[in-house]
Protein chains: 2
Amino acid sequence: MSLRFALLGLLDDAPGSGYELTRRFEHTLQRYAWHAKHSQIYPELTRLADDGLVAVVDEGARGRRTYAITEPGREELREWLRNPPVHKNVRNEEVLRMFLLSTLPAAEARVLLEQTAIEAERELAELTEVVRAQDARCGEEGLWFGRLAAEFGLRQHTATLDWARWALANLSA
Amino acid sequence: MSLRFALLGLLDDAPGSGYELTRRFEHTLQRYAWHAKHSQIYPELTRLADDGLVAVVDEGARGRRTYAITEPGREELREWLRNPPVHKNVRNEEVLRMFLLSTLPAAEARVLLEQTAIEAERELAELTEVVRAQDARCGEEGLWFGRLAAEFGLRQHTATLDWARWALANLSA
DNA sequence: CGATGCATGTAACGCGTTACATGATTAC
DNA sequence: GTAATCATGTAACGCGTTACATGCATCG
């Protein structure tokens with residue numbers, strides 16, 4: 001069900017076609033929150049339109065249909081946000097791998113931890129750039145929530161990096 | 001495919017039946033890494049046995065079958081760990097919700113952020129207890145990797161808590 | 001006029017959830 | 001004896017991925 005709300009969220013920001021929403025997914029939600037391919041997005045947009053939560057507001061070249069969120073769609077999205085689920089279903093292969101490091105000899109586990117640290121550093125460097133660019137344009141409307149997401153990523157990666165370093169420091173002992 | 005490796009990982013720690021593995025899932029991997037229900041676990045164990053990666057080592061009351069990992073199973077698990085995927089597929093409803101907070105009026109977003117902070121605090125308190133207990137039994141074999149996982153959770157929750165507080169502090173401004 | 005990118009769709013298959021279904025053992 | 005827990009299974013459905021399939025528009 002989350003895909004619907006991811007799409008409604010993107011459309012709440014601005015109208016877009018299936019093709020464009022697929023790109024926006026890649027550039028915004030993909031990294032930390034959610035991912036979906038066009039083969040899933042197109043049918044879901046059709047269903048959302050059938051349910052009246054989005055509407056086609058423009059048709060352009062090459063059969064392009066631009067969708068916009070409707071008022072019922074906005075209300076549906078808000079309702080979803082107001083009622084978080086009690087049980088959180090986590091499924092993160094990255095973390096699973098970390099948990100199963102135990103099954104490797106220490107030397108190999110160490111290599112993987114080092115890779116984890118390096119990747120976290122790289123992501124941190126990228127995100128720091130993003131935040132710097134955002135802060136430079138400080139004050140613009142609608143920017144705040146992109147900043148919120150970036151800050152979240154920043155802190156998650158920092159935590160992972162620190163953890164990997166801590167693990168490496170304690171592994172040899 | 002990850003379910004296979006989650007099961008192999010649990011069995012690498014100790015043999016167990018489908019029922020028992022379901023419980024172990026709940027108590028170990030569920031929170032941060034992976035979750036699965038018995039209806040998925042039983043058929044997967046059958047398949048793993050068919051592939052020779054696990055074997056039935058005991059049959060007890062009520063049709064209970066205890067499985068153990070085999071040497072080919074161990075090798076398969078190690079190979080999986082040694083070859084992390086290039087593209088990481090994230091799907092985290094929690095984070096998606098945070099990203100879409102923008103669609104709510106500030107006052108409501110604030111309430112949700114406060115709830116996020118409270119939950120992170122609660123989880124932190126729980127985990128801190130776990131770690132304290134672990135450290136008390138320091139030196140035991142096999143404990144280190146449980147400690148590794150707990151430390152990871154500790155740092156993730158701390159990051160989330162700090163982020164929520166940062167967001168609240170900056171939201172009103 | 002050919003390559004690239006825009007734009008949409010669907011069919012088959014696999015993974016995951018919910019619900020249904022059954023029965024043995026243990027503790028009170 | 002009856003309630004709780006142990007213990008296993010399967011069928012139907014929904015979500016997600018891969019692969020197949022098509023054609024228009026733009027740029028050079």
Side-chain angles (χ1 to χ4, degrees), chain A residues 1-8 10-11 15-27 29-30 33-51 54-68 80 85-93 96, chain B residues 1-8 10-11 15-27 29-30 33-51 54-68 80 85-93 96:
Chain A
M1 289 286 8
S2 295
L3 175 60
R4 316 204 95 193
F5 301 106
L7 287 172
L8 287 174
L10 289 177
L11 288 176
S17 66
Y19 187 84
E20 202 208 323
L21 287 166
T22 306
R23 304 289 140 235
R24 271 204 253 166
F25 239 107
E26 283 165 9
H27 294 123
L29 302 176
Q30 183 109 295
W34 209 263
H35 66 104
K37 321 208 160 168
H38 79 275
S39 57
Q40 213 186 343
I41 290 171
Y42 284 115
E44 189 63 42
L45 281 170
T46 308
R47 258 172 268 139
L48 282 165
D50 288 347
D51 296 348
V54 304
V56 176
V57 290
D58 191 31
E59 309 212 13
R62 279 162 297 187
R64 177 197 186 100
R65 261 156 295 140
T66 302
Y67 294 90
W80 177 75
V86 182
H87 294 296
K88 288 155 196 178
N89 289 345
V90 179
R91 205 167 261 139
N92 189 328
E93 190 178 316
L96 179 61
Chain B
M1 286 284 7
S2 296
L3 175 61
R4 318 205 93 191
F5 301 107
L7 287 171
L8 287 174
L10 288 177
L11 288 175
S17 65
Y19 187 84
E20 202 208 323
L21 287 165
T22 307
R23 303 290 140 234
R24 272 204 252 163
F25 240 106
E26 283 165 8
H27 294 122
L29 302 177
Q30 184 111 295
W34 210 262
H35 66 106
K37 323 211 160 166
H38 79 274
S39 58
Q40 212 187 343
I41 290 171
Y42 284 115
E44 189 63 42
L45 281 170
T46 308
R47 259 173 268 140
L48 282 165
D50 287 348
D51 296 348
V54 305
V56 175
V57 291
D58 191 31
E59 310 211 11
R62 280 162 294 186
R64 177 199 186 100
R65 263 156 294 137
T66 304
Y67 294 89
W80 177 75
V86 182
H87 294 295
K88 288 154 196 176
N89 288 347
V90 179
R91 206 166 262 140
N92 189 329
E93 191 178 315
L96 179 61

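None of the values given here were measured: they were computed from a predicted structure. Residue numbering restarts at 1 for every chain, and letters A, B, ... go by the order of the sequence lines.
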J.: Calculate the interatomic distance between A:E44 atom CD and C:dG9 atom C1'; express it in whole Å.
T.: 15 Å
J.: Which one, D:dG16, C:dC6, D:dC15, comes nearest to the side chain of A:L3?
T.: D:dG16
J.: By nearest atom, which of the nucleotides D:dT17, D:dT10, D:dC15 is closest to the A:S39 side chain?
T.: D:dT17
J.: Kindly indicate whether the side chain of B:L8, heavy atoms from C-beta on, has any atom under 4.5 Å from the side chain of B:F5.
T.: yes
J.: Distance check needed: C:dT17 C1' versus B:Q30 CD, whole Å only.
T.: 13 Å
J.: On DNA chain C, compare the nucleotides closest to B:R62 and B:Q40; which residue's is nearer the 5' end?
T.: B:Q40
J.: For the pair made of CG in A:L21 and P in C:dA7, what is the distance, rounded to whole Å?
T.: 12 Å
J.: Hey, is the side chain of A:K37 poking within less than 4.0 Å of OP1 or OP2 on D:dT18, counting only N and O atoms?
T.: yes
J.: Going by modelled atom types, is there a donor-acceptor pair between the base of C:dT8 and the side chain of A:S17 at under 3.5 Å?
T.: no
J.: Less than 4.0 Å between a side-chain N and a carboxylate O, is that true for A:E93 and B:K88?
T.: no
J.: Identify which nucleotide among C:dT17, D:dT17, D:dC6 has an atom closest to any side-chain atom of A:R91, counting heavy atoms from C-beta outward.
T.: C:dT17
J.: Do the charged groups of A:R23 and A:E20 touch, with an N to O distance under 4.0 Å?
T.: no
J.: Please report, rounded to the nearest Å, how far the C1' atom of D:dG23 is from the OH atom of A:Y42.
T.: 13 Å
J.: Starting at the 5' end of DNA chain D, which residue's closest nucleotide do you reach first, A:A61 or A:R47?
T.: A:R47
J.: Nearest-Å distance, CG (A:N89) to P (C:dG16)?
T.: 12 Å
J.: Taking the side chain as every heavy atom from C-beta outward, state whether B:L11 and B:L45 have any atom pair closer than 4.5 Å.
T.: yes
J.: Side chain of A:Y19: nearest nucleotide among D:dA19, D:dT8, C:dA7?
T.: C:dA7
J.: Side chain of A:R65 only, please: which of D:dT8, C:dC15, C:dT8 is the nearest?
T.: C:dT8
J.: Given D:dA19, D:dA7, C:dT18, which nucleotide is nearest the side-chain atoms of B:R64?
T.: D:dA7
J.: Find the distance A:L45:CG to C:dG9:P and express it as a whole number of Å.
T.: 9 Å
J.: For B:G63 and A:H38, take the nucleotide of DNA chain D holding the closest heavy atom to each; which residue's nucleotide lies nearer the 5' end?
T.: B:G63
J.: A side-chain contact here means heavy atoms from C-beta on lying under 4.5 Å apart; do B:L10 and B:Y67 qualify?
T.: no
J.: Please report, rounded to the nearest Å, how far the C1' atom of D:dG9 is from the OH atom of B:Y67.
T.: 11 Å
J.: Over how many whole Å does the gap from B:I41 atom CD1 to C:dC15 atom P extend?
T.: 15 Å
J.: Can you see if the side chain of A:H35 gets near the phosphate of D:dT17 - specifically, an N or O under 4.0 Å from OP1 or OP2?
T.: yes
